[in-house]
There are 2 protein chains.
Amino acid sequence: MKFYEKHPKILLAVDSIIFGFNENERELKLLILKRNFEPAKGNWSLMGGFVAPEESIDGAAERIVKELTGLENVYMEQLFAFGGLTRDPGGRIVSVAYFSLIKLNDYDRELAKKHGAYWISLSELPDLIFDHNEMVTKALRKLRIRARTQPIGFELLPEKFTIPQLQGLYEAIYQTPFDKRNFRRKLLSMNLLEKLDEKEKETSKKGAFYYKFNQEKYEELLLKGFNFEI
Amino acid sequence: MKFYEKHPKILLAVDSIIFGFNENERELKLLILKRNFEPAKGNWSLMGGFVAPEESIDGAAERIVKELTGLENVYMEQLFAFGGLTRDPGGRIVSVAYFSLIKLNDYDRELAKKHGAYWISLSELPDLIFDHNEMVTKALRKLRIRARTQPIGFELLPEKFTIPQLQGLYEAIYQTPFDKRNFRRKLLSMNLLEKLDEKEKETSKKGAFYYKFNQEKYEELLLKGFNFEI
DNA sequence: ACAAAAGTGTTACGGATACACCCATGT
DNA sequence: ACATGGGTGTATCCGTAACACTTTTGT
């Protein structure tokens, strides 16, 4: 039984804003690529693709990220549906944008290379095709809002991280320095970080203790009405 | 010059969560209708419609609201794109949901009647078709977040309103009482409300002064980095 | 005179901010 | 011994929350 058959269909795409972070650098990166098909071939672009009839839009977004990075089960959130009539000169396309957070050391370098993908610092972002710069701006704004009230920062860090690394991440996201005493106090006061015995000794002589985020504890606290807040 | 021609197209719809408020009652209302076509004919549903090839998704959302209420230029915000494979038993449809805020006295009663539409209190919301209840839940959550940090409450009130009416609106949105001294102080301290000489005398013998929201002043303050916050 | 809603001030508390020195260790 | 980044405590400020009585006026 089929309904709605007389209604016109539309090309539907997804585009992925893929954020990456490396705990040793201090910048948030974005994965973009040289587009290898028309229109706008050769220009910088986000990774995207069309939604197939037999896949959900979330599924399409996951497929796109996996094609480019080899990663599955990464943090992903729907950003916005872009549906202006003239956003893509190649035709009338509605695109649902998603943003993802990945650890910069995890992705598949071969796959990325094959697609002509590069990590770009946010501060050096070039002009992208169509409305992709607008997508990035919107994604960054949403990321900043999210990172304040949900513990998604940890998606960008390895399992073990130091407090200075965590602070570096937040400083990269918000592009502003934090007071290290206040930052540490605030984070530790939530009792969500587990201190390990091991120290990170690359970046300082004294060494900084590793911590890890306790997801189970977070979920437990959530049920009691706890709100993560930075 | 056409590109992308070999890619499959998809049915794209919009659904509208239309919130309404009447300053004399104390409840937030939702406009829903009895669906008059298959599938799920006769069940409660949000107002929706398909996106035409020659209209933007925002345009489709505006058209839908106008068809049902006769209103244009109402506050409207994109909520979320729902793209699960089985969300509509009538076929594979991706739907972009929007929510709108309207003043309950403004809409066209004839149009609404013709579509079989009714205003329902949030507390009495029935089962809606497909994922429409989920849409409403999500819209309500977003409305609550927005109303805290942007002056959108005024979209639900007439140009002239009293402080107790404004408080009643916020209490309806958040389903929780506020202290009237603190509420009044906070709102007035932003210097965005202009006190009029006139009083509203229906609901009390003493009468309450009317105020109006000063949009120009708000925009001016925004430029200086002001943040609306309740 | 009384009922019913409008309007008004002060205090206490807690979280946020600002700020400077000591510690550990590799060279 | 010194340079480098890690780690710590306290005082102040400000916004938030709690709370009860007076005013106006229609009946």
Side-chain angles (χ1 to χ4, degrees), chain A residues 22-27 144 147-149 157-158 160-172 174 176-212 221 225-230, chain B residues 22-26 144 147-149 157-158 160-172 174-212 221 225-230:
Chain A
N22 179 324
E23 66 276 13
N24 299 317
E25 305 170 28
R26 323 202 118 245
E27 276 200 292
R144 284 175 176 156
R148 239 180 245 292
T149 56
L157 289 171
K160 300 187 304 187
F161 53 85
T162 68
I163 304 285
Q165 284 169 353
L166 183 61
Q167 180 171 347
L169 167 61
Y170 278 94
E171 292 179 340
Y174 293 105
T176 182
F178 294 93
D179 179 278
K180 64 178 176 170
R181 284 163 292 190
N182 294 339
F183 182 85
R184 178 183 293 265
R185 178 176 31 246
K186 179 138 207 186
L187 267 289
L188 292 179
S189 73
M190 290 190 267
N191 290 316
L192 291 171
L193 301 187
E194 223 170 276
K195 188 177 187 174
L196 308 182
D197 283 332
E198 199 182 349
K199 272 189 170 184
E200 188 276 331
K201 306 272 294 178
E202 305 288 304
T203 44
S204 82
K205 327 216 151 150
K206 185 178 178 182
F209 279 104
Y210 278 118
Y211 288 78
K212 65 179 192 186
L221 285 176
F226 169 80
N227 282 315
F228 183 89
E229 173 92 46
I230 289 205
Chain B
N22 178 324
E23 65 277 13
N24 300 316
E25 304 170 28
R26 324 202 118 248
R144 285 176 174 155
R148 239 181 244 293
T149 56
L157 289 171
K160 300 186 304 186
F161 53 84
T162 67
I163 305 284
Q165 284 170 353
L166 183 60
Q167 180 171 346
L169 167 62
Y170 278 94
E171 291 179 341
Y174 293 106
Q175 291 285 299
T176 181
F178 294 94
D179 179 278
K180 64 177 176 170
R181 285 164 291 191
N182 293 339
F183 183 83
R184 177 183 293 266
R185 178 179 27 248
K186 180 139 206 184
L187 267 290
L188 292 179
S189 72
M190 290 190 266
N191 290 317
L192 290 171
L193 301 186
E194 223 169 276
K195 188 176 185 175
L196 307 182
D197 283 331
E198 199 182 349
K199 273 189 169 182
E200 188 276 331
K201 305 272 293 179
E202 305 288 305
T203 44
S204 82
K205 324 214 154 159
K206 185 178 180 182
F209 279 105
Y210 278 118
Y211 287 79
K212 66 178 192 184
L221 285 176
F226 170 79
N227 282 314
F228 183 89
E229 174 92 46
I230 291 208

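Letters A, B, ... are given to chains in the order of the sequence lines, protein chains preceding strands, and every chain is numbered from 1.
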Provide the closest heavy-atom pair for [X] versus [Y] in the form atom of the first, atom of the second, distance.
{"X": "A:Glu229", "Y": "A:Thr149", "answer": "OE1-CG2, 4.2 Å"}
{"X": "B:Phe228", "Y": "B:Leu192", "answer": "CD1-CD1, 4.0 Å"}
{"X": "B:Ser204", "Y": "B:Ala208", "answer": "OG-N, 4.4 Å"}

For this session: Indicate yes or no for a side-chain donor-acceptor contact from A:Glu200 to the backbone of A:Glu202 under 3.5 Å, with no hydrogens or angles considered.
Result: yes
For this session: Answer yes or no: is there a donor N or O on one side and an acceptor on the other, between the side chain of B:Tyr174 and the main chain of B:Arg148, under 3.5 Å?
Result: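 Checked: pair present.
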Exercise. Contacts to DNA chain D from residues 184-191 of chain A, heavy-atom cutoff under 4.0 Å, which residues?
Worked result: A:Arg184, A:Arg185
For residues 161-169 of chain B, tabulate all N or O donor-acceptor pairs below 3.5 Å that involve a side-chain atom, not counting sequence neighbours.
from	atom 1	to	atom 2	distance (Å)
B:Thr162	OG1	B:Gln165	N	3.1
B:Gln165	OE1	B:Thr162	N	3.0
B:Gln167	NE2	B:Glu171	OE2	3.0
B:Gln167	NE2	B:Phe178	O	2.8

Exercise. What is the 5' to 3' range of DNA chain C, first to last nucleotide, that sits under 4.0 Å from any heavy atom of chain B?
Worked result: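 Range of nucleotides within reach of chain B: C:dA5 to C:dT10.
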Exercise. Listed in order of residue number, which residues of residues 194-208 of chain B have a non-hydrogen atom at under 4.0 Å from DNA chain C?
Worked result: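 B:Thr203, B:Ser204, B:Lys206, B:Gly207, B:Ala208, in order of number.
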What is the distance, to the nearest angstrom, from the [atom1] atom on [X] to the [atom2] atom on [N]?
{"X": "B:Asp179", "N": "D:dT16", "atom1": "CG", "atom2": "P", "result": "13 Å"}
{"X": "A:Asn182", "N": "D:dC13", "atom1": "CG", "atom2": "C1'", "result": "13 Å"}
{"X": "A:Leu166", "N": "D:dG6", "atom1": "CG", "atom2": "C1'", "result": "15 Å"}
{"X": "A:Phe183", "N": "D:dT8", "atom1": "CZ", "atom2": "C1'", "result": "16 Å"}
{"X": "B:Arg181", "N": "D:dT16", "atom1": "CZ", "atom2": "C1'", "result": "14 Å"}

Exercise. More than 12 non-hydrogen atoms from neighbouring residues, nucleotides or ligands closer than 6.0 Å to CZ on A:Arg26, yes or no?
Worked result: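 Incorrect, the count does not exceed 12.
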Exercise. Can you find a heavy atom in the side chain of B:Gln175 that is under 4.5 Å from one in the side chain of B:Arg144?
Worked result: yes
For this session: Using a 4.5 Å cut-off on heavy atoms from C-beta on, say whether the side chain of B:Tyr211 contacts that of B:Leu188.
Result: yes
For this session: Please name all residues satisfying salt bridge (Lys or Arg N to Asp or Glu O under 4.0 Å) with B:Glu25, sequence neighbours left out, ordered by chain then number.
Result: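 Listed in chain order: B:Lys29.
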Exercise. Taking only residues two or more places apart in sequence, or in another chain, which ones meet A:Arg181 in a salt bridge (Lys or Arg N to Asp or Glu O under 4.0 Å)?
Worked result: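 If we apply the salt bridge (Lys or Arg N to Asp or Glu O under 4.0 Å) test to A:Arg181, skipping adjacent residues, the hits are A:Asp179.
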